[in-house]
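This report refers to the structure that appears directly beneath it.
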Amino acid sequence: MMMKIGFGARASVTNRASSLKSLIKYGCSSASISITLANSGIRTHESSPFRPEVYGKQITIVRQITESGSNPYKFLNENGHVVKSKKNELKSLVQHFNILVDNPICIMNQAMVKTFHKSADPKEKYNLFYKAISADVYNENIEETKLIANEYSDKLDNIHSVLTQCYKEVNEFEVYEKKCKQLEALKKSKCEIENEYSWFVVSQYERNYKEYLKKIKEYEENISKGTNQINTLENKIKSSLELLAVKNKELANIEESRSQNHFIFIETKKELQKKIDEYDNAKQAMKKHEYALHLLLSDKKDLEKHIELERQKGNTNTLDHYKKKLVHHEQYISEVHAAWKANMEHEKVLQNTVDDLRQKVSNLKNNEVSPLQRRIGELDRNINSMSYKQDRINFYGSWMPTLIQAIENAFKQNKFIKKPIGPIGAHIKVNSDKWIFSVENHLGRGFLRTFLVDNFTDNKMLKSIMDKIIPGNTRKPTIIISKFFDQVHDISSRETKNSLFRMLTFTSPVVANCMIDNSTIETIMLIENKEEAMHLMENSSRVPRNCHFSLTLDGTQVYPNPSYRVYSLQNPSEPVLLQSDVTVAINNLKCEKKELEQKIIKLNKEFENIEKSKLENQQILDKTRSETRLIKSKFDECSKKINELKAKCDEEQDDRMTTLTNEINDVNEKIVNLTKLKEDAMKPFPKYDNEIEKLNKKFVEIKSVIENTVRSTISEQIETLQAQIDSFKINISEINNYLTESKQIMRNLAEKAEIEKKKIESELKIAHKLCERIETNRSEEDIKRDIEETNRKHDLLQMELGKKRKDHLVLRDEFKKKKEEFIKQSDLYKEIVKIYKTNNYSLILSTKALDYYINSVKSKVQQSFDVVLSLRQIKGKLEIDHCNESLTITMFDNISTSCASGGERTFATVALIVALWSNMQLPFYSIDEYDVYMDNVNRLATTQLLMMSIEQRKNQFIFLTPQDISHIKSERHIKIVKLKEPRS
């Protein structure tokens with residue numbers, strides 16, 4: 001016990017006191033413990049001496065115990081001189097000699113021996129075993145390493161959170177810095193594009209100036225050419241006039257001679273034509289006689305044939321009977337034919353009537369009823385939508401809110417350069433409710449649904465959105481492309497009195513400008529009463545200035561004199577889109593729906609009447625067709641009988657032979673007369689031929705004389721010369737006009753060129769101040785679009801960066817500090833991670849080494865335990881379960897030590913201690929009262945066992961026992977120390 005205290009143990013390990021001062025002998029104020037250690041060995045050996053140059057061959061440790069609680073140490077050398085007086089020297093000394101004060105194998109006091117002997121709890125035995133092999137020391141080191149690892153883990157978490165925050169802040173500033181660079185780039189780009197546009201304007205003015213100069217030069221050249229052409233044409237006119245005078249004289253001589261021949265030619269031609277007419281008349285008369293003769297001969301042949309047939313046929317008395325029947329049937333068939341024709345006409349009229357009625361039914365269904373039904377359905381949807389949502393935007397159609405939301409989303413995604421505005425009716429408010437009806441009907445619902453865009457790109461995007469959202473059969477809103485301005489147009493110079501513009505309030509200046517540009521609302525005068533408006537507008541002296549027309553409360557438009565006219569409102573409808581009160585708008589829609597339903601009821605009644613009339617006419621038509629078919633069958637039957645009767649009458653002719661004989665005699669007489677007339681007509685033909693031949697010969701001769709004259713050639717020459725002169729004069733006149741116009745144009749171009757030159761000089765000064773000359777091939781529209789886009793991006797980015805509300809340099813300094821802190825924390829984090837990983841790796845290796853060490857020692861202890869037991873020929877088994885932390889000793893055929901006698905248990909315990917000694921190398925071993933629970937036999941055997949176990953050991957063993965040890969003799973390596981007998 002005192003040995004442990006001397007080596008620095010606490011008083012609690014003795015199990016006899018809670019503090020060191022309690023160990024002081026009663027009546028004394030202090031106590032002293034002195035321990036002398038041999039300080040021998042070889043320096044290079046494992047058991048080398050501890051600082052031999054200071055302590056020499058022995059070291060004395062003196063620990064003083066006082067009541068005050070101070071327990072100083074003294075370390076004496078072999079000469080008894082104090083070398084050190086600090087406790088740190090004790091720690092170094094104990095570590096050097098491997099003195100394990102808390103190890104039960106090194107110093108085993110009575111409590112530990114008792115635990116070994118008496119305790120049956122395997123866990124307590126295992127704990128003693130665990131401490132005996134110093135595993136607890138290793139485990140404490142491992143636990144300390146784990147604590148250090150946990151501390152480093154906490155540090156890593158803290159540093160990681162700091163790093164995360166630093167990284168976030170650094171990243172935010174990097175984004176900010178990047179955006180600042182983007183802003184600088186945009187500023188630079190904006191400046192470059194504006195410079196480019198400035199030089200583009202300069203180049204445009206220069207191009208215009210060069211174009212003007214080029215045109216002026218062209219006009220100067222043309223004027224010079226025109227002057228030369230005039231001189232040339234005047235010379236040509238002079239020479240042509242001289243030649244024309246000569247040709248006119250030649251033509252006068254020829255005309256005199258030609259006029260005489262022409263008179264003879266006319267007289268000859270008249271005489272010849274007269275003879276030819278006489279000849280033609282005679283020939284025509286002869287041909288008539290021949291044709292009449294030919295007809296008579298043909299009739300003669302027919303009559304001869306009929307006579308021959310009559311001779312061959314007989315004659316009956318039934319002819320009169322057949323004729324009577326024929327007359328009767330002819331009268332009947334005429335009546336049937338008349339009835340048939342009347343029925344056909346009636347049938348045609350009925351068919352036309354039925355077709356007209358059918359067309360009316362189709363028109364009623366498709367053109368009147370169906371559109372009204374569709375309109376009622378649309379009104380129902382609008383009423384339901386407005387009743388549910390109570391939002392004016394639903395007045396424009398159930399799809400309008402979806403369309404507006406889609407436009408908003410597209411604008412947020414930067415698909416529009418400028419956000420479209422619409423419907424424009426949603427941005428208009430009528431200041432007086434009584435004018436809502438007139439204004440909405442005048443503007444029209446189609447116009448109020450219109451959308452406005454700033455450019456063609458936005459127009460294309462808006463059309464694609466409308467195509468996706470608005471149903472295919474629904475009319476899409478109109479899109480007007482108009483430049484967006486932030487200010488309303490100045491209309492003070494062209495606004496009329498009490499204009500429509502003043503009656504409206506606009507939420508957007510763009511809508512106001514659109515109404516001014518497209519509807520000229522500033523020139524429309526509002527007058528409540530129609531008669532007052534007509535009275536004012538019919539007299540031009542009373543018409544206010546700039547008044548285009550007046551609009552009344554009932555929607556009537558009255559145009560002023562001199563084009564005075566009045567237009568009443570056609571197809572008025574109740575106001576909905578401009579109605580400020582949703583309830584009123586819904587009521588107006590309901591009224592409109594009611595009116596449409598009344599119209600449908602009237603149309604349905606008309607439809608029923610037409611259907612009824614169509615059915616009646618169809619029945620009459622079917623009946624008429626049936627009667628017509630019956631009459632047609634009667635007509636066909638009667639016609640057949642008439643044909644049969646005519647045939648029979650022809651067969652039953654009476655007294656035809658006499659008639660035919662008389663006819664043929666008349667024909668013969670006519671043939672004789674016509675033959676004589678034909679011969680008389682042919683007698684003057686030879687005379688006519690001779691006279692016509694002579695006149696033809698004379699006519700040809702005169703004609704050749706006339707044709708051989710050169711009048712036509714000279715006339716053509718004169719006409720050509722005159723035409724040339726006229727053409728030259730026209731050309732001179734045209735050239736003069738052209739020269740006059742060219743000179744005026746040239747003067748205008750010179751003025752414009754001078755203006756362009758001044759503009760160039762002005763713009764050049766501005767452009768040179770901005771930058772050096774820039775050549776560009778881009779169009780003005782592209783450059784302006786880039787400027788607008790760059791300005792928009794610049795403004796958005798500047799607005800976003802302006803939210804920081806700090807100076808950029810201050811933010812940059814903060815970023816620099818944060819970045820330095822981030823780098824510092826990153827390096828620290830990396831270093832701690834490295835240490836943490838090394839510590840974890842060491843922890844893993846230490847844990848594995850401890851497990852390996854425990855298993856290795858366990859195996860050696862079990863072998864040594866078996867060897868010790870075999871010395872007494874005892875069978876036993878030592879079971880050490882490291883996982884369950886239990887130690888069990890079984891002997892005598894698996895009988896636990898708890899069932900053995902006290903001496904046997906003590907022997908087994910001593911065997912375990914000896915086994916541990918043999919595997920634990922310590923400088924000395926101490927055991928107290930090891931044989932208390934043994935009988936004499938086992939005590940003797942145990943003592944012999946202990947003596948045998950230390951014979952070959954160089955370590956020092958200290959055995960304390962209260963029993964008799966007379967059987968042990970002192971030897972060279974055995975020293976026996978006995979305490980004095982206690983006083984009686």
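Counting all heavy atoms, side chain and backbone alike, I735 lies closest to G226 at CG2-O, 3.5 Å. Among all heavy-atom pairs drawn from A410 and I465, the shortest one is CB-CD1, 3.9 Å. Nearest heavy atoms, H489 versus N513: N-OD1, 2.8 Å. Across all non-hydrogen atoms, the minimal contact from I524 to S519 is CD1-O, 3.7 Å. Closest approach of L448 to L443, counting heavy atoms only: CD2-CD1, 3.9 Å. L500 and V439 make their closest contact through CD1-CG2, 3.7 Å (heavy atoms, listed as atom of the first residue, atom of the second, distance).
T478 is not listed as a side-chain neighbour of R449, based on a closest heavy-atom distance of 4.5 Å or more. In this structure, the side chains of I230 and N736 come closer than 4.5 Å at one or more pairs of heavy atoms. Residues K476 and P471 fail the side-chain proximity criterion, which asks for heavy atoms closer than 4.5 Å. Side-chain contact between E522 and T496 is absent, with no heavy-atom pair separated by less than 4.5 Å. Using a 4.5 Å cut-off on side-chain heavy atoms (C-beta onward), I223 and E220 make no contact. In this structure, T450 and I479 have side chains that are not in contact, with every pair of non-hydrogen atoms separated by 4.5 Å or more. For the pair N222 and Y738, the minimum side-chain heavy-atom distance is below 4.5 Å. In this structure, C547 and M537 have side chains that are in contact, with non-hydrogen atoms separated by less than 4.5 Å.
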(message) Pair R494, I516 - check side-chain contact (heavy atoms from CB on, under 4.5 Å), show working.
(response) CA-CA 11 Å; R494 59 180 186 274; I516 292 168; 3.6 Å; yes

(request) May I have the step-by-step check of side-chain contact (heavy atoms from CB on, under 4.5 Å) for Y564 and V558, ending in yes or no? (result) CA-CA 7 Å; Y564 177 76; V558 183; 3.9 Å; yes

(request) Walk me through it: do V511 and I428 pass the test side-chain contact (heavy atoms from CB on, under 4.5 Å)? (result) CA-CA 8 Å; V511 176; I428 299 171; 4.0 Å; yes

(request) Could you walk me through whether Q557 and V566 pass side-chain contact (heavy atoms from CB on, under 4.5 Å), step by step? (result) CA-CA 6 Å; Q557 297 179 20; V566 180; over 6 Å; no

Using atom types as modelled, flag every donor-acceptor pair under 3.5 Å from a side chain in residues 747-759 to any protein atom, sequence neighbours excluded.
| unit_1 | atom_1 | unit_2 | atom_2 | d |
| --- | --- | --- | --- | --- |
| R747 | NH2 | Q744 | OE1 | 2.6 |
| N748 | OD1 | Q744 | NE2 | 3.4 |
| N748 | ND2 | Q744 | O | 3.3 |

Using a 3.5 Å cut-off and no angle test, enumerate the donor-acceptor pairs between side-chain atoms of residues 414-425 and protein atoms at least two apart in sequence or in another chain.
| unit_1 | atom_1 | unit_2 | atom_2 | d |
| --- | --- | --- | --- | --- |
| N414 | OD1 | R792 | NH1 | 3.4 |
| K415 | NZ | Q413 | OE1 | 3.3 |
| K419 | NZ | E408 | OE1 | 2.3 |

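Atom CD of Q487 has 12 or fewer neighbouring heavy atoms from other residues, nucleotides or ligands inside a 6.0 Å radius.
Between N431 and T505, the side chains place a donor N or O and an acceptor N or O closer than 3.5 Å (distance only, hydrogens not considered). Side chains of R565 and Y567: a donor-acceptor N/O pair is present below 3.5 angstrom, by distance only.
Remark: H548 pairs with Y559 by the ring pair (Phe, Tyr, Trp, His ring centres under 6.0 Å) rule, at least two apart or across chains. Applying the side-chain hydrogen bond (donor to acceptor under 3.5 Å, both in side chains) test to D490 and every residue at least two apart in sequence or in another chain returns S492. Checked against side-chain hydrogen bond (donor to acceptor under 3.5 Å, both in side chains), N459 has no partners two or more places apart in sequence or in another chain. Qualifying salt bridge (Lys or Arg N to Asp or Glu O under 4.0 Å) partners for K434, counting only residues two or more places apart in sequence or in other chains: E528. Take E616 and apply the salt bridge (Lys or Arg N to Asp or Glu O under 4.0 Å) test, not counting sequence neighbours, and it matches no residue. Residues satisfying the side-chain hydrogen bond (donor to acceptor under 3.5 Å, both in side chains) test with N409, not counting sequence neighbours, are Q405. Taking the side-chain hydrogen bond (donor to acceptor under 3.5 Å, both in side chains) definition, one finds that D467 meets it with nothing, sequence neighbours left out.
For residues 490-513, the ring pair (Phe, Tyr, Trp, His ring centres under 6.0 Å) pairs, not counting sequence neighbours, are F501-F506. Sequence neighbours left out, the pairs with a member in residues 432-481 that pass ring pair (Phe, Tyr, Trp, His ring centres under 6.0 Å) are H442-F549. The side chain to side chain donor-acceptor pair (under 3.5 Å) pairs that include a residue from residues 530-544 are N539-S541, where partners are two or more places apart or lie in different chains.
In this structure, K429 does not pair ionically with E440, as no charged nitrogen and carboxylate oxygen lie closer than 4.0 Å.
Of the listed residues (K497, R502, E495), just one forms a side-chain hydrogen bond (donor to acceptor under 3.5 Å, both in side chains) with S499, and that residue is E495.
Between the OG atom in S742 and the NZ atom in K225 there is a gap of 12.0 Å [rounded to 0.5 Å]. Distance CG/L536 to CG/N561: 11.5 Å, rounded to 0.5 Å.
The closest donor-acceptor contact from the side chain of D458 to the backbone of V453 lies at 3.5 Å or more, if one exists at all. D554 places no side-chain N or O within 3.5 Å of a backbone atom of S438 that could act as its donor or acceptor partner. Using a distance-only test at 3.5 Å, with no hydrogens or angles considered, no donor-acceptor pair links the side chain of D454 to the main chain of K483.
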